[in-house]
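A, B, ... follow the sequence lines: proteins, then strands. Residue 1 opens every chain. Please read these numbers as outputs of a predicted model, since none were measured by experiment.
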There are 2 protein chains.
Amino acid sequence: MASNETDLPITIDFRLRTPIAEQVRDQIRALIAEGTLRPGSQLPTVRQLAAALRINFNTVARAYRMLAAEGLISVQHGRGTFVLAPASPEASATLRREALDALAQALAEHARQMGFSEAEALAALRRAWQRQEPP
Amino acid sequence: MASNETDLPITIDFRLRTPIAEQVRDQIRALIAEGTLRPGSQLPTVRQLAAALRINFNTVARAYRMLAAEGLISVQHGRGTFVLAPASPEASATLRREALDALAQALAEHARQMGFSEAEALAALRRAWQRQEPP
DNA sequence: TGTATCATTGTATCTATGTATCATTGTACC
DNA sequence: GGTACAATGATACATAGATACAATGATACA
């Protein structure tokens with residue numbers, strides 16, 4: 001289920017305060033952490049993903065560079081961008097925790113920005129969790 | 001019929017008691033309400049409007065932020081400022097709830113895919129919330 | 001087999017636009 | 001007059017987009 005013209009479920013929201021480069025980075029990190037993006041696989045080119053998200057390709061390039069700095073991907077001039085294998089099982093576990101924390105942080109910030117309480121945010125997460133229990 | 005170098009009929013009066021940031025805010029709000037500024041259209045940049053009114057661009061930025069807080073416009077760092085579609089109080093409440101649910105849904109799906117339990121996801125959200133309590 | 005050319009892909013740099021922070025001003029109140 | 005506070009301005013910063021550049025690989029052809 002893609003959320004854009006690439007095969008990746010990535011969406012951005014210009015209305016959020018979080019910079020869109022960070023929105024892209026956080027979602028790709030989560031996709032790597034959860035295994036949707038596997039080691040060795042190629043990411044969309046900066047221009048492909050940018051076109052799909054209707055943003056400038058430099059913004060995607062910045063997201064890729066941040067992920068490269070984290071050691072998650074390898075960006076290769078003239079060739080493309082590829083997912084790296086985790087250095088160790090511990091690194092993999094750390095990545096999952098960091099990916100989760102980043103998403104939780106984003107949810108917390110936006111929920112607060114929209115005026116919701118912590119209890120309301122938690123309730124929304126519980127509802128979302130239950131909603132996907134059945135399938 | 002513009003009252004300055006932009007195409008917008010906005011004027012300010014330094015002699016009035018009301019702060020000029022509020023004068024700007026009020027006139028833009030009226031232009032949106034009457035339909036002169038339509039949803040999706042881009043407002044002048046803070047520097048453009050400031051130059052036209054011969055005031056500091058920070059003052060325009062403050063007016064824009066106030067309107068953003070009212071939910072009338074969307075100010076986007078590095079991109080510009082845009083008029084939002086009007087929404088009744090009920091509709092905007094629904095949109096707000098849906099935005100929260102969408103974020104919660106994304107978090108739930110990624111967290112589950114990464115192998116976390118509901119309790120772990122909730123704990124991450126609580127941590128994130130506490131982490132931003134200070135400011 | 002070498003190389004010229006071209007398309008593809010990421011990089012560097014500059015511009016445009018909003019943000020954050022501190023200084024200045026001016027006005028109200030004592 | 002002096003002081004406190006709100007409003008405005010000045011300046012440095014952060015984010016996103018535009019455009020020119022550089023590296024890689026595929027293809028054609030000598």
So, taking the atom named CG in A:Leu95 and the one named CD in A:Glu70, what distance separates them when rounded to the nearest 0.5 Å?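 If I round to the nearest 0.5 Å, the distance is 8.0 Å.
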Once you round it to whole Å, what is the distance between [atom2] of [N] and [atom1] of [X]?
| X | N | atom1 | atom2 | value |
| --- | --- | --- | --- | --- |
| A:Phe14 | C:dG18 | CZ | P | 15 Å |
| B:Leu16 | D:dA7 | CG | C1' | 15 Å |
| B:Met66 | C:dG18 | CE | C1' | 15 Å |
| B:Gln42 | D:dG17 | CD | P | 12 Å |
| B:Asn58 | C:dT17 | CG | P | 16 Å |

Can you give one letter per nucleotide of nucleotides 22-30 of chain C, going 5' to 3': B for a protein heavy atom under 4.0 Å from the base, S for sugar-phosphate only, - for none? ---------
Between [X] (side chain) and [Y] (backbone), is there a donor-acceptor pair under 3.5 Å?
| X | Y | result |
| --- | --- | --- |
| B:Thr94 | B:Glu90 | yes |
| B:Gln132 | A:Ala108 | yes |
| B:Arg96 | A:Met114 | yes |
| B:Gln27 | B:Thr11 | yes |
| B:Glu120 | B:Phe116 | no |
| A:Gln23 | A:Thr18 | yes |
| B:Gln48 | B:Thr45 | yes |

Minimum heavy-atom separation for B:Ala121 to A:Trp129, with atom names?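 That closest heavy-atom pairing would be CB-CZ3, 3.7 Å.
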How do A:Gly78 and A:Thr59 order along DNA chain D: which one's closest nucleotide is nearer the 5' end?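 Here A:Thr59 is the residue nearer the 5' end.
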Stems involving DNA chain D: give each as a range paired with a range, ordered by first number, where a stem means at least three consecutive Watson-Crick or G-U wobble pairs under 3.5 Å.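 If one scans DNA chain D for consecutive Watson-Crick or G-U pairs, the stems found are C:1-30 with D:1-30.
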C:dG10 OP1/OP2 closer than 4.0 Å to side-chain N/O of A:Arg79: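 For C:dG10, OP1/OP2 do not have a side-chain N/O of A:Arg79 under 4.0 Å.
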Considering only C:dT19, C:dG10, D:dT8, which nucleotide approaches the side chain of A:Thr81 most closely?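 Nucleotide nearest to A:Thr81's side chain: C:dG10.
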Is B:Val83 close to B:Leu72 at the side-chain level, that is, under 4.5 Å between some pair of heavy atoms?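 SC-SC contact between B:Leu72 and B:Val83 ruled out.
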Tell me whether the count of non-hydrogen atoms from other residues, nucleotides or ligands lying under 6.0 Å of CZ in A:Arg127 goes above 12.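 Atom CZ in A:Arg127 is crowded, with more than 12 foreign heavy atoms closer than 6.0 Å.
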Would you call B:His77 stacked on D:dA16, i.e. ring centres under 5.5 Å apart with the planes less than 30° off parallel?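 No, B:His77 does not stack on the base of D:dA16, since the centre distance and plane angle fail the 5.5 Å and 30° test.
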I need the residues from residues 45-57 of chain B with at least one non-hydrogen atom less than 4.0 Å from DNA chain C; give them sorted by number, or say none.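 DNA chain C contact set from residues 45-57 of chain B: B:Thr45, B:Val46, B:Arg47, B:Phe57.
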